[in-house]
Novice: 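Right, I'll just put the structure down here and ask away after.
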Amino acid sequence: MAKTDVWQGTLALMILKTLETMGPQHGYGIARRIEQISDDLLTVNYGTVYPALLKLEQEGYVSAEWGVSDNNRKAKFYRLTRAGRKQVEEAAREWDQTTAILAKFLRLGEEGS
Amino acid sequence: MRRVRVWLIRLVGTVSGGRRERELAAELESHIQLHIDDNMRAGMSAEEARRAALLKFGPVESIKEDCRARTSLPLLEILAQDVRYALRRMRRQPGFTALVALTLALGVGANAAMFGLVDVLMFRTPAHVPEPDQIVTVAGAGNYVAYQDLRDRVHSLELTAYTRQRLSLGLGAEAVPLRTECVTPTYFAVAGTPAWRGRTFTPADDASGAPPAVVLSHSFWANRFGADPGVIGTAVVVGGRPHDIIGIAPPGFTGLGLAAMDAWILLAVSPEACSPSGTNLLRSSGGFWLTTVGRVRDGVTRAQAAAELAAVESRVEGRTKRLAADGTLVDGSLELRPVYASRRLGLSSDSRLALWLAGGAGVLFLLACANIAGLVWTHTLDRSREIAVRLQLGASRRRVFTQLTVEHMLTAALGGAAAVVAGMWISEGVKRYFPFAVDVDVMGTRTLVVVAVLACMAGLLSGAFPGFHAARSGPERYLRTGQTVIGAGSRFRTALLSVQVGLALVLVAAAGLFAGSVKNFRRDFAYDLDRVVVASIDFRRSSVRTPREIHAIFRMLEERVRQLPQVERAALSAGPILGAGGPTRIVAVRRSHTDANAEMNAVIEVTPDYFATVGLPMAAGRGFTTADAAGAHVLVINHTLATTLFPGDAPIGRCVFLGSGPCHAIVGVSEPFRASIRPDSQAELQIFAPLQQAGDSEAVPQVLLIRTVGRASGGIGAIAAALQGAAPDLPHVDVRTLEELADVQARSWLLGATIFGLFGTLAVILASIGIYGALAFTIRQRTVEIGVRMALGAMRRDIAGVVLRQGALVVAMGLVLGLSGALTGLRYVRSLLFNVAPADPWGLATAALVVALAALLGCVIPTLRAVRVDPAVALRYD
């Protein structure tokens, strides 16, 4: 998949959703989780989550804090802020709408042929 | 909102980049570590685990770069880079930077000073006067009767009236001059200005029997009383009477006018001190000695106020008279005029002069820009190889252009800062000639804004074209030939330089015209301007009143100064001299009682030492002696009058009759001189009579004239101290040198000569530097060519000829431009000159010669450098 705006937006939503379900998590954990959820269909460089995380932090949807991981490693943990929670709902709804509309269009094409 | 937040965070990130960078590195490090841990748990070797983790992570540096781009504003960062680069360049070429900054400082500084002055004279409204548009002058109501009548009849205006007088504060040795505004109690209400300390006037202060009150200006209070708040409530002597200090005006408040004031007192309480003649004029319905001003009341428009005024006009008493068609005097009309807008329409000669000086400054600015453009142009060509390399290495043209512009703007900023200093310096010098503006802060905020705008403009204008050219031209050209291309550029430079020479010539020619005016003005004086001190006392506003008392005081003062070692001689005069003293007595002069043609002439009674004191030589006959006191009536007339009264005849011994008096024998004829200076006025006719022959009440001394041993400016301090301390009840004694008095009259020409002289000098220097720079550059470019020519047998003379020809072409074109500019432009200054023709061929020729010599001087060093080119070195060069 190309690194387009769609991809950026999708990645951001995936990150937010991951944090919503898993609670505070470090970058590695988030990348790992996204890969697992997509059944390894989505193989991306783990590093790409960091610019996305940075953007979310600047926008105030997540906050970051240094902490200690399960196996005693120092890591930076991200958590969803209140604005982030609202953003997840809103973005998810928009996404649903978009996919629904798009799905309709695609079916339309099938019927016409 | 989110956008703003992100932008702010990034702005902060730009500044604190280091910390973020370290944190990002730590986070990525921890990510890899976590991944390695997982991989090892899955059974990989340490080496394998690390490899896999890094592989999965992706390109670390590129991701870091992505993050970095997000944490800061790249544009700002590039700008910061450019600034750093530019600063480094500026440090590496201090000479060039200093030259550009200095040129700019002079060009912009001169403009700043002139703008400040024009602003003060024409556009600025007085400080602490809110809504100045609502303040109007009632033209035609010039006395107290008219003011009172208007106040009672017109309700849409809150009215006040004022007049300005010079009074003294204190008596005897303590006395100082006090610029006073005599006002009605509503003055501060009309201005809209509350007291800064204490209070302003109330109607109760105006009631008869109320103690006289005075409001002091902030600066006078600070200078005289050391800003001591305790003086409020104490009494000071103003105009010979004790007044209670009731308050202090806000700092910078100059009343409704712009000239600085020291104090405000009430017109109705001190009518004698406040009237121009020293007598109570409150009940006089004639004359024009007050300015009536009003503020339009809330809820009323100016048109409504004007309508109300028109309705009551015919009933208002004391209106200023005007001449009717049949030759009789009738009451004039009343008219509302905005106080501050009118200054823009009716130009005073001060304003006109200031505008001309501002025009001169504008020319200097153009010249500075042209010079900088030229400097930058050669400089950019000099750097063309560096620029070419940068373009070749992949820098975008926009980037190169931006970088050059940043460099010019920084230099311009430096120049702007220097311009503020130069501007303050110039404005201090100029302000002396505008008494109006002396206490006004010329370098205010508005002026600083102008400096900033001008400096930016200069930076952009002079840097843009060369920068654009350099960025546009292809890099291959420079790299291939190893030479810069002069072609179009050199034509551009030649044109620029010619314009500079031309502008310099216009400024120098203008300076010449004003200097000629000063010279002609001084030549018309027969006085020894630099040896005479004039002391005058205005007794009209003091307790000393009778002519006998005034005689006694002047005689006492004369005796006092004669004993000073600095004083050679002293004399008294019952008439004014160069504006110092009171009015002149005019009498009818006849050759016989039956003579029908009487000449109206000024008569001045003087003591015998007068002629020797002021240095007025006798053309024929003698001056007065002490013996004349008891003898027959005698006169000295000036040469101009002698030729009018007795054309072609010896006047000595002849009889003239003053008014209805007896025969006065003429004993001497003095050289002609001017008593007051108006351009185009004829030398005045003048009669001198011995003071001792006049009765005490007939002629009252007005000035004490003192001839000093050395220059007058050296002795004036001691003389002033001795005079002021001579009696305990003396009002302020005004002591000036005759030169100062003459300079006051000649100030417009002095100012024009000084400023245009300064601008002209600067312009000539700038033009010479420009020519020098251009030629030096050309020679550097053509070193090889010169070497070849010399190798082929060209003589040094030929080489010098080539270089000089280029310089001479520029100068010649410049002179043609300048002469036509001077001939068209300087016609308009005629009204500001004194007996000088704007198109005076000698003056123009001299100016052209000066400019040409200075400009050719700029050619000398490059020419010398050219002829010293060694062909052996030059041919191996590059």
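Naming convention: chains lettered A, B, ... in sequence-line order (proteins, then strands); numbering from 1 in each chain. From a predicted model like this one, the values you see are computed outputs, not experimental measurements.
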Novice: At under 4.5 Å between heavy atoms, what parts of residues 81-94 of chain A are in contact with chain B? List them by residue number.
Specialist: A:Ala83
Novice: Could you please state which residues from residues 23-32 of chain B sit under 4.5 angstrom from chain A, measuring non-hydrogen atom to non-hydrogen atom, sorted by number, or 'none'?
Specialist: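 Expected list: B:Glu23, B:Ala26, B:Glu27, B:Leu28, B:Ser30, B:His31.
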Novice: Heavy atoms only: give me the nearest B:Ile63-A:Thr48 pair and the separation to one decimal.
Specialist: CD1-N, 3.9 Å
Novice: Is it true that the side chains of A:Tyr28 and B:Asp38 contain a donor and an acceptor less than 3.5 Å apart?
Specialist: yes
Novice: Of all the residues in residues 15-22 of chain A, which have a heavy atom that comes within less than 4.5 Å of a heavy atom in chain B?
Specialist: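 Those residues of residues 15-22 of chain A which would need a heavy atom under 4.5 Å from chain B do not exist here.
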Novice: Flag yes if more than 12 heavy atoms outside A:Asp96 fall under 6.0 Å of its CG atom; otherwise flag no.
Specialist: yes
Novice: Taking all atoms of both residues into account, what is the closest heavy-atom pair of A:Ala75 and B:Leu34, and its distance?
Specialist: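 Distance-wise, the nearest heavy atoms are CB-CD1, 4.1 Å.
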Novice: Side chain from CB out, backbone as N, CA, C, O: work out which of these in A:Tyr61 comes under 4.5 Å of a heavy atom of chain B, or both, or neither.
Specialist: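 Contact with chain B involves the side chain of A:Tyr61 alone.
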Novice: Going by side chain to side chain donor-acceptor pair (under 3.5 Å), name the residues that satisfy it together with B:Arg50, two or more places apart in sequence or in a different chain.
Specialist: none
Novice: Please name the pair of heavy atoms, one in B:Leu55 and one in A:Asn45, separated by the smallest distance, quoted to 0.1 Å.
Specialist: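 That would be O-OD1, 4.1 Å.
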Novice: Among A:Ser69, A:Gly27, A:Gly60, which has the most heavy-atom pairs under 4.5 Å with chain B?
Specialist: A:Gly60
Novice: List the atom of A:Pro51, the atom of B:Asp66, and the distance in Å for their closest heavy-atom pair.
Specialist: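 Answer, listing the atom of A:Pro51 first, then B:Asp66: CG-CB, 3.7 Å.
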